[in-house]
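In what follows, a structure is listed as structure tokens, so that the remarks can point back to it.
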Amino acid sequence: MSPTLLPALAWFAHIARHRSFTKAASEMEVSRAALSQQLKALEQHLNVRLLHRTTRDVSLTEEGQRLFDALGPALTSIERAVGELGEACAEPAGLIRINTSRPAARLLLEPSMDRFLAAYPKLRLELVMDDGFSNIVAEGLDAGIRLGESLDEHMVAVPVTPMLEMAIVGAPAYFERHGIPETPADLMQHNCLSYRYTSSGTIDRWSFSSPDAGDRTVVLEPQGNAVFNDDDSMLRAAMQGIGLVQHIDLCVCKQLADGTLMRVLRPWCKPFPGFFLYVPSRAQMPAKIRALMDFLVEQRLQLDQEKRDILG
């Protein structure tokens, strides 16, 4: 069926429901003449008469009644669907599929998921864990969370954490046995545990910026006796005193606060843009995405305060 027929079919249904051009025109706020012209064009296209018309009455022909009986339920379903979309815009509801790395999920989503879902009981979350950057449009996702330095410049993104630093940490017992490194070069004498990205299979390199005016960059690949593709497992190994690990400073706040981990080489760790929530577009943003964005932006203030309190 040609899409050009749809407006005329909708006009016909209104006329048939009221059995009156005048009432239908008044309800739809169009002229009676325009409505009559629409019906005439529809009848000519279908090559069938749909209405009997006199100066006083309007009634359906047999063909018109058959068409109206078929259109009624279909138009009701369409009106209901449009109404539900309007309600969805007014109140956050439905499924949000979010692509995120494990560290971002553990830092930003998992600790506060109960509060978010309690605030929006009609929402559901699906977390799609992935170390690599995801094309959320192509993969049918609603949003993603990634570090700012890895975002495509064409993405709409808002920061959901303060500026971050990579922290080199280890257990106090480890430093008692092996000493404290003063420069990145000293790490050659330490057991530096590695993280391997599941998406690319590459080892995460440790990058440092000289605190002096020269602003030298030092990059090394950790050569310890263990490799992980899960940050929680890596941190547990560090807390057991096996070796040193590199992780995002906000992700180790708790361990630094309770003393299970100690941080070293902080002057060499330069701040960088933190995590961002990215979405395809700001235009006609669904209420569910706006709710998630507002929640994470508000949470950013709490994370910023936590970082200042614990990390200084």
Side-chain angles (χ1 to χ4, degrees), residues 1-99 120-126 135-144 152 154-158 277-294:
M1 183 185 71
S2 171
T4 58
L5 282 179
L6 293 175
L9 289 170
W11 293 126
F12 162 71
H14 282 290
I15 299 167
R17 182 182 300 123
H18 291 288
R19 300 295 198 274
S20 166
F21 281 85
T22 302
K23 291 180 179 178
S26 175
E27 180 188 55
M28 303 310 295
E29 298 182 348
V30 298
S31 70
R32 189 182 186 283
L35 207 54
S36 179
Q37 188 62 35
Q38 286 279 354
L39 182 68
K40 182 178 179 181
L42 178 63
E43 289 179 326
Q44 289 176 345
H45 182 90
L46 298 177
N47 196 28
V48 66
R49 190 172 184 83
L50 299 173
L51 294 175
H52 295 301
R53 302 184 281 281
T54 69
T55 56
R56 299 181 59 182
D57 299 305
V58 172
S59 62
L60 291 166
T61 65
E62 181 182 351
E63 293 79 8
Q65 185 66 56
R66 196 159 58 240
L67 179 60
F68 181 59
D69 290 343
L71 284 175
L75 289 174
T76 299
S77 295
I78 293 172
E79 290 173 356
R80 184 183 300 114
V82 171
E84 288 173 353
L85 285 177
E87 291 173 3
C89 291
E91 180 180 2
L95 175 65
I96 304 177
R97 301 185 71 229
I98 311 172
N99 179 278
Y120 303 103
K122 293 185 179 181
L123 283 180
R124 293 186 299 131
L125 293 180
E126 180 178 344
N135 185 329
I136 56 177
V137 175
E139 297 180 21
L141 301 164
D142 297 295
D152 188 305
H154 301 296
M155 277 290 168
V156 175
V158 295
L277 176 75
Y278 67 98
V279 296
S281 172
R282 288 187 186 275
Q284 297 175 318
M285 183 180 292
K288 61 182 181 179
I289 304 303
R290 172 58 63 186
L292 176 65
M293 182 178 291
D294 291 345

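Values below: every heavy atom of this structure, side chains too, minus hydrogens, waters and symmetry copies.
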Test of understanding: with side-chain contact (heavy atoms from CB on, under 4.5 Å), list the residues that count as partners of [X], not counting sequence neighbours.
X: Gln65; answer: Arg19, Leu60, Phe68, Asp69
X: Ser36; answer: Phe21
X: Thr22; answer: Ser20, Arg32

* To do: Using a 4.5 Å cut-off on heavy atoms from C-beta on, say whether the side chain of Thr61 contacts that of Val48.
  => no
* **Non-neighbouring partners of Lys122 that pass salt bridge (Lys or Arg N to Asp or Glu O under 4.0 Å), sequence neighbours left out** => Glu91
* Qualifying residues under salt bridge (Lys or Arg N to Asp or Glu O under 4.0 Å), relative to Arg97, sequence neighbours excluded -> Glu126
Going from [atom1] on [X] to [atom2] on [Y], what distance comes out if it is rounded to the nearest 0.5 angstrom?
X: Asn99; Y: Ile136; atom1: CG; atom2: CD1; result: 8.0 Å
X: Glu63; Y: Leu46; atom1: CD; atom2: CG; result: 10.5 Å
X: Lys288; Y: Ile96; atom1: NZ; atom2: CD1; result: 6.5 Å
X: Glu62; Y: Arg49; atom1: CD; atom2: CZ; result: 15.0 Å

* Structure fact -> Looking only at heavy atoms, the pair that brings Ile98 and Gly144 closest together is CG2-CA, 4.3 Å
Show me the donor-acceptor pairs within less than 3.5 Å that the side chains of residues 37-44 make with the rest of the protein, sequence neighbours left out.
unit_1: Glu43; atom_1: OE1; unit_2: Arg53; atom_2: NH2; d: 3.2
unit_1: Glu43; atom_1: OE2; unit_2: Leu50; atom_2: N; d: 2.8
unit_1: Glu43; atom_1: OE2; unit_2: Leu51; atom_2: N; d: 3.4
unit_1: Glu43; atom_1: OE2; unit_2: Arg53; atom_2: NH1; d: 3.4

